[in-house]
There are 2 protein chains.
Amino acid sequence: MTRGQPHEGLRERKRVATRSAIERAALALILEHGFDHVTVDMICEAAMVSQRTFFNYFGSKEGVILDAMPPFPGEEAVATFVHATGTDVLEDFLELVFGSMASAGPDPELTRVRRLVFQRNPVLAAGLLDRMREREDRAVAILLDRFAAEGRTSTRAGELEDEAHMIVGLTMAVFHYLMRKQLEGRVDADRRRTIIHEAVMLMRRAVGTV
Amino acid sequence: MTRGQPHEGLRERKRVATRSAIERAALALILEHGFDHVTVDMICEAAMVSQRTFFNYFGSKEGVILDAMPPFPGEEAVATFVHATGTDVLEDFLELVFGSMASAGPDPELTRVRRLVFQRNPVLAAGLLDRMREREDRAVAILLDRFAAEGRTSTRAGELEDEAHMIVGLTMAVFHYLMRKQLEGRVDADRRRTIIHEAVMLMRRAVGTV
DNA sequence: TATATCATTGCAGTATCTGCACCGACTGCT
DNA sequence: AGCAGTCGGTGCAGATACTGCAATGATATA
């Protein structure tokens, strides 16, 4: 527990502790019984917290799993993506999205358990796609920034927007594909790059651009 | 489709009448107030039916809209797809899926209203994607049949399965893209073909840029 | 007509989620 | 230390989606 700030307030520390307690209790119960055989009340009892508190932290039951998996990372990673040149936009974008999910949350152990839960509950993986869809505008904006940084200009109105939307859809397709292929253990950056590249190659073949 | 038989039983006729009443009431209310501002009780009152009856016909609130939109059509259309040759597999598959949705249900007016509802409620369009995901195994089986009919053999174990899964994912991507582009009025087969082709072209560009 | 089937219903109950008001612990300032 | 304001946690009432069960009455069938 190397606390960067020596004091960040007792109130804030308690907050973090409460959230963490709920998350740990939820993940343990879900791992044991499966998502739909666990009720919010069960989680609250295990976490020694009222149901109302649970919903104060997580807007929904799914939120316990999904909230810690943001589809987009911080400003610096986005900036790196936007100003990268000479590499494939689609692959870079996939790397950006999957990289953010791989490093979700401060506790790597929780992230590992979460991935286990996703493997056993496909319905939750679908929830991740929903989150991504909800943030599509943000994704499109990022992609348009990249296009601009590359000096691309549209010959037709909305042309670049269309391409950005399509890339978002393709990202969801790859995500869906990799989820199906289980994508277990390893998450180091090199292997992730390889997996993404293979998926893109398969996509090219399926699309007929070989 | 039941106009041919003069008698198919009073019980059956009442059944379809009840289902139709619920569907019409639901669509009208949802068009007016939006999906999440309509409760099941409201629909039941308008359809003069108990809530229990509603859930006897439709497993869920979303089912009122989604049940009539099967992601795959009947045997004959599937057979046509499987044995088609010389055309692009992806485009044919897209045509198969979208064609089935365009001709959903016996009442074309209801189908038209349903499409309106989908445009105004993106969350319901996401529901369609979920249905498609639930039937992914069926979709993959169809695609493998097509591959077999084309005489394709896999050099590596699971190669064709991977490609089939990827095509399903790409289909979802195109569906997602077209939903975003609104895809209003026209549904005649020719225009649908054109729209699909354009989407695939855009996809090729997004996937092939270096 | 007698019997079986089945659509429909009411009812009780469970589960997710929300708005509201209260309490009490923390926090910042004096 | 004391005081006032903030805010996390809680209980409660209620809305809403959905399920199992048993009863009832209309329809089908023998």
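Each chain gets a letter, A, B and so on, in the order its sequence line appears, and its residues count up from 1. None of the values given here were measured: they were computed from a predicted structure.
Toward the 5' end of DNA chain D, the nearer of the two residues Glu12(B) and Glu12(A), judged by each one's closest nucleotide, is Glu12(A). Both Val38(B) and Arg11(B) sit near DNA chain D, but only Val38(B) has its closest nucleotide nearer the 5' end.
Residues Arg133(B) and His176(A) meet the side-chain proximity criterion, which asks for heavy atoms closer than 4.5 Å. At least one side-chain heavy atom of Val78(B) sits less than 4.5 Å from a side-chain heavy atom of Val82(B). Leu94(A) has its side chain out of reach of Leu170(A): every pair of non-hydrogen atoms, C-beta onward, lies at least 4.5 Å apart. Using a 4.5 Å heavy-atom threshold, the side chains of Glu163(B) and Arg205(A) count as touching. Arg114(B) places none of its side-chain heavy atoms less than 4.5 Å from the side chain of Val117(B).
Contacts with DNA chain D (heavy atom under 4.0 Å) in residues 47-63 of chain A: Val49(A), Ser50(A), Arg52(A), Thr53(A), Asn56(A), Tyr57(A), listed by number. If you check residues 29-36 of chain A against DNA chain D, you find no residue with a heavy atom closer than 4.0 Å.
Among residue pairs with one or both ends in residues 43-56 of chain A, those qualifying as side-chain hydrogen bond (donor to acceptor under 3.5 Å, both in side chains) are Asp41(A)-Gln51(A), Ser50(A)-Thr53(A), Arg52(A)-Asn56(A); sequence neighbours excluded. Evaluation of the ring-ring contact (aromatic ring centres under 6.0 Å, His included) test over residues 23-46 of chain B, restricted to residues two or more places apart or in two chains, returns none.
The phosphate of dT8(C) (OP1 or OP2) has a side-chain N or O of Thr18(B) nearer than 4.0 angstrom. Lys14(A) has a side-chain polar atom (N or O) that falls below the 4.0 Å cut-off from OP1 or OP2 of dC26(C).
When the salt bridge (Lys or Arg N to Asp or Glu O under 4.0 Å) test is applied to Asp145(B), no partner is found at least two apart in sequence or on another chain.
In this structure, the CG atom of Leu66(A) is 16 Å from the P atom of dT16(C), given to the nearest Å. Put simply, CG on Asp41(A) is 12 Å from P on dC17(C), counting in whole angstrom units.
The two residues Asp107(B) and Arg24(B) make their nearest non-hydrogen contact at OD2-NH2, 2.7 Å.
Between the side chain of Thr39(B) and the backbone N or O of Met42(B), at least one donor-acceptor pair lies under 3.5 Å. Side chain of Lys181(A) to main chain of Asp162(B): no donor-acceptor pair is present (N/O by atom type, distance under 3.5 Å, no hydrogens or angles).
Close approach of DNA chain D to chain A, defined as any atom under 4.0 Å from a non-hydrogen atom of the protein, starts and stops at dT6(D) to dC12(D).
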